[in-house]
Amino acid sequence: SANGQTMSGTSFAAPAAAGVAALLQDVDGVLCSWPEGCRAILLASAARNVRDGSWWHDVINRVDGRDGSGAVDAQAGVAIAQQRRSRNATATRRGWDVGTLASADFGSDRLATFRYRVSVPALLFQPTVKVALAWDSAVTSILGLPIASVLTVDFDLIVRDSLGVQVASAASWDNSYEVVEFAAQRGETYEIIIRRWSGTDSVWYGLAWTTTGLEFVKSWDLEQLRRTRLTG
């Protein structure tokens with residue numbers, strides 16, 4: 001569903017997804033030059049599945065995820081795009097970043113030497129964390145026309161809790177993206193780790209994450225309560 005219409009087929013889905021990507025680029029102009037960032041945000045913000053409860057439900061039950069990562073969600077994507085974060089920054093509920101992954105960014109354990117962190121609000125009930133990583137392939141072209149696209153590196157996603165316990169991972173080998181989604185704990189902070197499984201090339205990447213759940217008390221309610229206490 002988009003623009004008050006509900007249809008099916010790629011002829012409707014493609015312009016809808018392109019429109020959401022344009023909205024993300026309007027939020028932060030950096031994304032105009034980083035398709036990897038746009039793709040990561042689109043994957044992380046996608047949530048509603050047409051055929052099942054969630055994309056992750058299909059994954060853990062080894063059912064073909066016909067909905068992919070879920071239906072595009074413009075509002076959720078814009079919320080992520082509004083919060084670009086840097087490597088090793090403090091934890092936030094949602095965020096994204098883009099950059100280059102080179103050999104110097106990884107230790108002997110194959111893990112990236114930097115981290116991203118996601119926080120789960122204490123007043124968010126039934127929270128779910130979703131993280132997406134996207135990177136580019138090596139494209140061969142003749143006279144400006146692409147004739148081949150080859151993956152030269154294989155990355156994995158790992159998520160650990162504040163105690164260092166691994167709570168989620170994604171380690172496919174034939175994609176230029178990885179997505180993890182898991183039931184989170186309220187008030188917890190998670191660490192997002194990129195692992196380079198194979199390859200040595202430097203590639204561009206985008207990473208995005210978000211925390212969703214039931215909010216019985218909105219942030220503006222808390223602010224209003226704080227002001228009432230100050231003036232009451």
Which pair of heavy atoms, one from I194 and one from Y205, lies closest together, and at what distance? CD1-CE1, 4.3 Å

If we ignore angles and hydrogens, is there a donor and acceptor under 3.5 Å between the side chains of T90 and R85? yes

Has the side chain of S172 got a donor or acceptor atom that lies under 3.5 Å from a matching backbone atom of D174? no

Is a side-chain N or O of D73 found less than 3.5 angstrom from the main chain of A46, in a donor-acceptor match? no

Would V30 end up clustered with L42 when hydrophobic side chains under 4.5 Å apart are linked, directly or stepwise? yes

Verify whether one side chain among R39 and S176 offers a donor that lies under 3.5 Å from an acceptor in the other. yes

Using side-chain contact (heavy atoms from CB on, under 4.5 Å), reason through W96 and L31 one step at a time and then give a plain yes or no. CA-CA 10 Å; W96 66 278; L31 291 168; 3.5 Å; yes

Distance-only, no hydrogens or angles: does the D156 side chain make a donor-acceptor pair with backbone N or O of R195 under 3.5 Å? no

How long is the gap from CG on L207 to CD1 on I41, to the nearest 0.5 Å? 10.0 Å

Would you indicate whether I142, at its atom CD1, is surrounded by more than 12 heavy atoms from other residues, nucleotides or ligands within a distance under 6.0 Å? no

Do R196 and S103 get their side chains close enough for a donor-acceptor pair, meaning under 3.5 Å? yes

Within 6.0 Å of CD in Q185, more than 12 heavy atoms from elsewhere: no

Only residue of R84, Q83, R87 satisfying side chain to side chain donor-acceptor pair (under 3.5 Å) with D97 is R84

Any donor and acceptor pair, going by atom type alone, linking the side chain of R93 with main-chain N or O of T211 inside 3.5 Å? yes

Backbone of T212 reached by a side-chain donor or acceptor of K130 within 3.5 Å: no

Are any side-chain N or O atoms of T113 and backbone N or O atoms of D105, one a donor and one an acceptor, separated by less than 3.5 Å? yes

Quick one about S149 and S137 (side-chain donor to acceptor, distance below 3.5 Å, no hydrogens or angles considered), yes or no? yes

According to the interplanar angle, ranging from 0 to 90°, do the rings of F155 and F106 count as parallel (below 30°), tilted (30 to 60°) or perpendicular (above 60°)? parallel

Shortest non-hydrogen contact from I80 to G95? CG2-O, 3.4 Å

Taking atom CD of Q126 as the centre, report whether more than 12 heavy atoms of other residues, nucleotides or ligands fall under 6.0 Å from it. no

May I ask you to check whether W209 and Y116 place their ring centres under 6.0 Å from each other? yes

Nearest-0.5 Å distance that lies between atom CG in L123 and atom CG in L214: 12.5 Å

Kindly work out whether a path of hydrophobic side-chain contacts (I/L/V/M/F/W/Y, heavy atoms less than 4.5 Å apart) joins F114 to W135. yes

Could you tell me if E181 and T128 have a donor-acceptor pair between their side chains, going purely by distance under 3.5 Å? no

